[in-house]
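It should be emphasised that the depicted structure is a prediction, and the values quoted were computed from it without experimental measurement.
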Amino acid sequence: MSSTTPSFLVIGGGIGGLAAALALAQDGHDVRVLERAPEFTEVGAGLQVGPNASRVLERLGVLDAVTATAFFPNHLAIRDAMSGERLVSLKTGDAFQQRFGHRYFVAHRADLHHALLTACRDSGRVELLPGKEVVEVQPQHPGALVRCADGSVHSTGALVGADGLRSRVRRLLVGDAEPVDSGYVAYRGTVPIEELAGIGGLREPDSMVIWAGPGLHLVQYPVRRGELCNQVATFDTRRYTQHVGDHGAQLRAAFAATCADVRAGIALMNSSRRWPLFDRPPVTGWSRDGITLVGDAAHPMLQYLAQGACQAIEDSVALADRVAAHPGDPRAAFAAFEALRAPRTARVQTTARTWGEVLHVDGIGAHLRDALAAHQAEDDYGVVDWLYGFDAAGTTNAARQAPDTAHCDPAPDTALHTTREIPA
C-alpha cells in the first residue's frame, strides 16, 4: 500500500470485515484492516450461502474460488427429528437458479474466508495487520482514533467496525446492553461422509437437511465437494439443567429421544466446544460522524435463517456503493448506508427469531406447523423471494425482472421508528 494513512480503517478481519475491505478497495480506496488474532483465520465449519450473497461474491470476483470446493444441494429439507418423516422441502436446482440467478450452495467457512483474504492481498490496496487488539476507539469527528494493545495508534476519517457481536465500535455508537442470550447452544463440526453414512446417519446425501424437534434441531449438509458432512446440533439448555457442567452428557440427553438417523449424527459430534446463541434486537444509530458498523457488529442475528454471513456480505457492496455516491464524504455515505440496510437487516433479524420458534415448537404447535408445511409445494419460491431475491442495491428479484418497478421496500412489515430500537 502506498499511503501510510488509508482512506478507510476496518476493525475485524472476519468475513464481514474482509468483504467490506475488498469492496472498497475495488472502488479505488486504500483500506487498512486490524485483526486481533495473530493471523487472519476463520473459526467454524460449514456455511450456507443463498443467492443474495452469491450475487455479491460474484461481483467481488471470488465466487468461483469459493464454489470450487462447495457443494450444491438439490433440496432444502426439514424432517421431524423424532419420527424421521420429511415435513417440507424446497428444490434448489434449475428452477431455483432460474428464479434467483444462482444456486444455493454450502461451503466451509475457511474456504470463503480464504478466498476473500486472497482477493484482498491481490488487490494491492488492502493492508492486513494481524495481532492488533483494539483497546480504545476515540471519536474525532469525523472518524476516530484507534489504539491497540501493542501501543500502535491508527487515525482515520472513515472507520468501519466489523468487530462482531460484542463490538467495541458499536459500544461507542449505540451503547446498548449486553447481547440477548437465547438459552440455546450449538455444537458444530464436520465428519467424513463415509463414516456418517456407515452408521446410517445420512438420509438425504444430496440435500441440506434440518431435523427439527421440541427445543432442538440438527442440521446436516455436505461440504468440500461432498467429502465431509457439516453438522450443527442446537438445543435449549434450559431443558437439561441436570447436566450443567457436562457438555457431552447434556448433548446426548437433549437428543436421546430422536430418531436413529439423528442419534447417529449426534454420536459423531465433538462436544468439547460449543457456541451459546446470542443476538440483539434491531436498532438504528449505527452510523455516525464517519463511523459505521457491518455484519454482527451492526445486526447480530440467530442462526436459523443461515444469514449471518450472507448479510455481512450484502453489507460490503452496499457500503462501497454509498461511498461511491458520496465521494469524499464518509459521514453522508455511512448515513445513506444505514438508511438502506437497517430495514432489510431488521427483517432478517426478527424473522430469524421467529423461524427458531417454528423449528423448536412442541405439542399442538408442532402439529399445526406440520399441517401447514404439508401444503407447501417444492417449487413455491414466493416464500423466500424477500430473502433470496433481494440484492444489496435494495432491488428485489421481481424488480430486476421488471425494471419499471425500480426499488421496493426491503422490509414492508418492519418500520423504522424515531427511537433507536426497531420492534420485533
Side-chain angles (χ1 to χ4, degrees), residues 6-12 15-33 52-53 55-62 116 119-120 123 125-126 139 141-144 156-163 167 169-170 172-174 282-299 307 309-349 390-396 399-400 406-411 414 416 420 422:
S7 304
F8 292 85
L9 182 68
V10 177
I11 299 178
I15 288 171
L18 292 182
L22 180 58
L24 290 166
Q26 289 179 343
D27 275 1
H29 303 285
D30 290 334
V31 187
R32 178 176 296 158
V33 181
N52 57 308
R55 291 185 205 103
V56 178
L57 296 176
E58 184 174 51
R59 171 175 158 177
L60 295 176
V62 299
L116 291 168
C120 283
S123 72
R125 288 190 172 275
V126 180
H141 308 292
T156 181
L159 176 65
V160 179
D163 47 343
S167 166
V169 185
R170 181 189 177 100
L172 174 69
L173 296 175
V174 181
V283 297
T284 56
W286 38 268
S287 293
R288 188 173 73 241
D289 288 338
I291 306 175
T292 194
L293 305 174
V294 297
D296 283 348
H299 40 74
Q307 280 288 309
C310 292
Q311 290 304 305
I313 291 166
E314 279 189 17
D315 284 344
S316 67
V317 296
L319 178 64
D321 287 348
R322 301 291 82 73
V323 169
H326 299 274
D329 190 351
R331 286 182 289 192
F334 289 174
F337 166 68
E338 180 183 338
L340 172 67
R341 294 294 293 156
R344 161 72 166 172
T345 56
R347 185 178 185 185
V348 180
Q349 284 176 285
F390 184 93
D391 68 20
T395 309
T396 64
R400 284 193 300 275
H407 288 73
C408 80
D409 179 357
T414 306
L416 283 175
R420 281 183 170 179
I422 303 172

Legend entry - Option from Val160, Asp163, Val174 for which side-chain contact (heavy atoms from CB on, under 4.5 Å) with Val169 holds: Asp163

Inset, instruction - For the pair Asp315 (side chain) and Gly295 (backbone), establish whether a donor and an acceptor sit closer than 3.5 Å, ignoring hydrogens and angles. - result: yes

Legend entry - Minimum-distance pair of heavy atoms, taken over all atoms of His326 and Ala332: ND1-CB, 3.7 Å

Legend entry - Approximate separation, where rounding is to 0.5 Å, of Leu172 CG and Trp286 CH2: 15.5 Å

Inset, instruction - State, to 0.1 Å, how close Ala162 and Gly17 come at their nearest heavy-atom pair, and which atoms those are. - result: CB-CA, 3.5 Å

Inset, instruction - Considering non-hydrogen atoms only, spot the tightest contact between Ala312 and His299 and give its length. - result: N-CE1, 4.4 Å

Inset, instruction - Find out whether Arg341 and Leu319 are in side-chain contact, i.e. whether some heavy atom of one side chain is under 4.5 Å from a heavy atom of the other. - result: no

Inset, instruction - Enter the distance from Arg59:CZ to Ser316:OG here, rounded to the nearest 0.5 Å. - result: 7.5 Å

Inset, instruction - Using a 4.5 Å cut-off on heavy atoms from C-beta on, say whether the side chain of Cys120 contacts that of Leu22. - result: yes

Legend entry - Closest approach of Ala333 to Val323 (non-hydrogen atoms, all atoms of both residues): CB-CA, 3.7 Å

Legend entry - Rounded distance [0.5 Å steps], CD1 in Ile11 versus CZ in Arg32: 12.0 Å

Inset, instruction - Would you check if Ser167 and Leu293 make a side-chain contact, meaning some heavy-atom pair closer than 4.5 Å? - result: yes

Inset, instruction - Measure the CZ-NE2 distance between Arg331 and His141 for me, rounded to the nearest 0.5 Å. - result: 9.5 Å

Inset, instruction - Could you tell me which residues satisfy side-chain hydrogen bond (donor to acceptor under 3.5 Å, both in side chains) with Thr292, sequence neighbours excluded, listed by chain and number? - result: Ser287

Legend entry - Main-chain N/O of Leu173 paired to Arg288 side chain as donor or acceptor, under 3.5 Å: yes

Legend entry - Nearest-0.5 Å distance that lies between atom CG in Asp321 and atom CZ in Phe337: 10.5 Å

Legend entry - Glu338 (side chain) donor-acceptor with Thr284 (main chain) under 3.5 angstrom: no

Inset, instruction - Return the set of residues passing side chain to side chain contact (heavy atoms under 4.5 Å, CB included) with Ala25 (not counting sequence neighbours), or none when no residue passes. - result: Ser123, Arg125, Val126

Legend entry - Closest contact, heavy atoms only, Ile313 versus Ala53: CG2-O, 3.9 Å

Legend entry - Any residue meeting ring-ring contact (aromatic ring centres under 6.0 Å, His included) with Phe8, in chain and number order, not counting sequence neighbours: His29

Inset, instruction - Please report the closest heavy-atom contact between Leu340 and Ala318, naming both atoms and the distance. - result: CD2-CB, 4.0 Å

Legend entry - Distance in Å, Glu314 CD paired with Arg344 CZ, rounded so as to fall on 0.5 Å steps: 4.0 Å

